Amino acid sequence: MAIRRGSSVVVAALVIGAIAALTEMVPVFPIQGALGVSPRLVLQSIASGLLGRQAYSGGAATVLLGIALHLLISFLFALAYVVVGDRWAALRRHPWVAGIGYGTVVFAVMRYIVVPLSAVAYRQSTDWGMFATSLAVHIVGFGIPIALLDRWWAGANARRQAELAPSSTAVV
């Protein structure tokens, strides 16, 4: 498959990142709800990465900031995957395995780098059940969707390019 360039990469990452942001939250909200945490509090907790404890008293504005930050982070991780996928064909040949690996990498980066360096106003759980649940959500709700969507998008892009290419059999 041809390597995508410029705006095509950004558009792919924006769409794939937005879908992955949504598919990740589909299990997060019910899991957190079972623990007594509302979707509003989940999104304010994301905003707390930037604002600290003030995020919880910010009302709708910090909920929207949490959504924006979640989308931004998802876009950046999708962009990284799309760029690497354009250069490493094995990711597209084996999207399920790549998605499991990528979800694991994203989980580790978020848990051990991004969250500790942020201003989050909560302590990460040390419970092994929550650790495993969070890892599973990152794999199933984030990594696999990104890998499958990237494979589909790249294939659709390649088909579009083939349709636009001049034919070698011209009718005279």
Side-chain angles (χ1 to χ4, degrees), residues 1-33 35 37 39 42-43 45-50 65-120 122-161:
M1 285 179 212
I3 292 179
R4 295 172 284 195
R5 304 257 186 239
S7 64
S8 177
V9 169
V10 172
V11 170
L14 281 170
V15 172
I16 292 168
I19 294 169
L22 179 64
T23 58
E24 182 185 23
M25 282 298 153
V26 166
V28 167
F29 286 150
I31 290 167
Q32 291 297 322
L35 298 170
V37 179
V42 169
L43 295 168
S45 294
I46 295 169
S48 81
L50 212 57
L65 178 61
I67 292 169
L69 290 171
H70 184 62
L71 286 167
L72 175 64
I73 292 166
S74 296
F75 162 70
L76 293 173
F77 276 115
L79 180 63
Y81 191 93
V82 167
V83 168
V84 172
D86 275 349
R87 288 157 178 76
W88 190 17
L91 293 180
R92 297 213 176 108
R93 280 195 307 270
H94 307 287
W96 289 95
V97 173
I100 291 167
Y102 198 58
T104 303
V105 167
V106 170
F107 169 78
V109 168
M110 291 302 298
R111 181 168 179 91
Y112 298 112
I113 298 171
V114 175
V115 172
L117 292 176
S118 76
V120 293
Y122 61 89
R123 287 188 41 214
Q124 293 189 85
S125 174
T126 57
D127 176 75
W128 280 102
M130 285 307 296
F131 179 93
T133 300
S134 183
L135 176 58
V137 165
H138 279 86
I139 290 170
V140 175
F142 197 76
I144 291 173
I146 285 176
L148 292 174
L149 288 164
D150 176 65
R151 179 181 173 156
W152 175 84
W153 193 286
N157 187 53
R159 286 187 296 280
R160 228 179 356 267
Q161 293 301 321

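For reference, positions follow the sequence shown, starting with 1. Just so it is clear, the structure is predicted and the values come from calculations on it, not from any experiment. Values below: every heavy atom of this structure, side chains too, minus hydrogens, waters and symmetry copies.
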Q. What is the distance from atom CE of Met25 to atom CG of Leu71, rounded to the nearest 0.5 Å?
A. 9.5 Å
Q. Where do Tyr81 and Ala147 come nearest, in terms of heavy atoms and distance?
A. OH-CB, 3.3 Å
Q | Separation between CE of Met130 and CG of Leu35, rounded to the nearest 0.5 Å | A | 5.0 Å
Q) For the side-chain contact (heavy atoms from CB on, under 4.5 Å) test, which of Val82, Ile146, Asp86, Val84 pairs with Leu91? A) Val84
Q: Evaluate the side-chain proximity of Val11 to Trp153: yes if any heavy-atom separation is below 4.5 Å, no if none is.
A: yes
Q. When you measure from the side chain of Ser74 to the backbone N and O of His70, does any donor-acceptor pair fall under 3.5 Å?
A. yes
Q: Dump the intermediate steps for side chain to side chain contact (heavy atoms under 4.5 Å, CB included) on Phe29 and Leu43, then the final yes or no.
A: CA-CA 10 Å; Phe29 286 150; Leu43 295 168; 4.2 Å; yes
Q | For Tyr112, ring-ring contact (aromatic ring centres under 6.0 Å, His included) partners two or more places apart | A | none
**Q.** Heavy-atom donor-acceptor pair, Arg92 side chain to Arg151 backbone, under 3.5 Å
**A.** no
Q) Is the shortest heavy-atom distance from the side chain of Pro116 to the side chain of Gln124 under 4.5 Å? A) yes
Q) OG1/Thr23 to CG/Leu149 distance, rounded to the nearest 0.5 angstrom? A) 7.5 Å
(Q) Tell me the closest heavy-atom pair linking Ile16 and Ala78, and the distance in Å. (A) CG2-CB, 4.1 Å
Q: Going by the ring-ring contact (aromatic ring centres under 6.0 Å, His included) test, name the single residue among Phe77, Tyr102, Phe107 that passes it with His138.
A: Phe107
Q: Enter the distance from Thr104:OG1 to Leu135:CG here, rounded to the nearest 0.5 Å.
A: 5.0 Å
**Q.** Check: Leu148 and Trp96 side chains under 4.5 Å, non-hydrogen atoms
**A.** yes
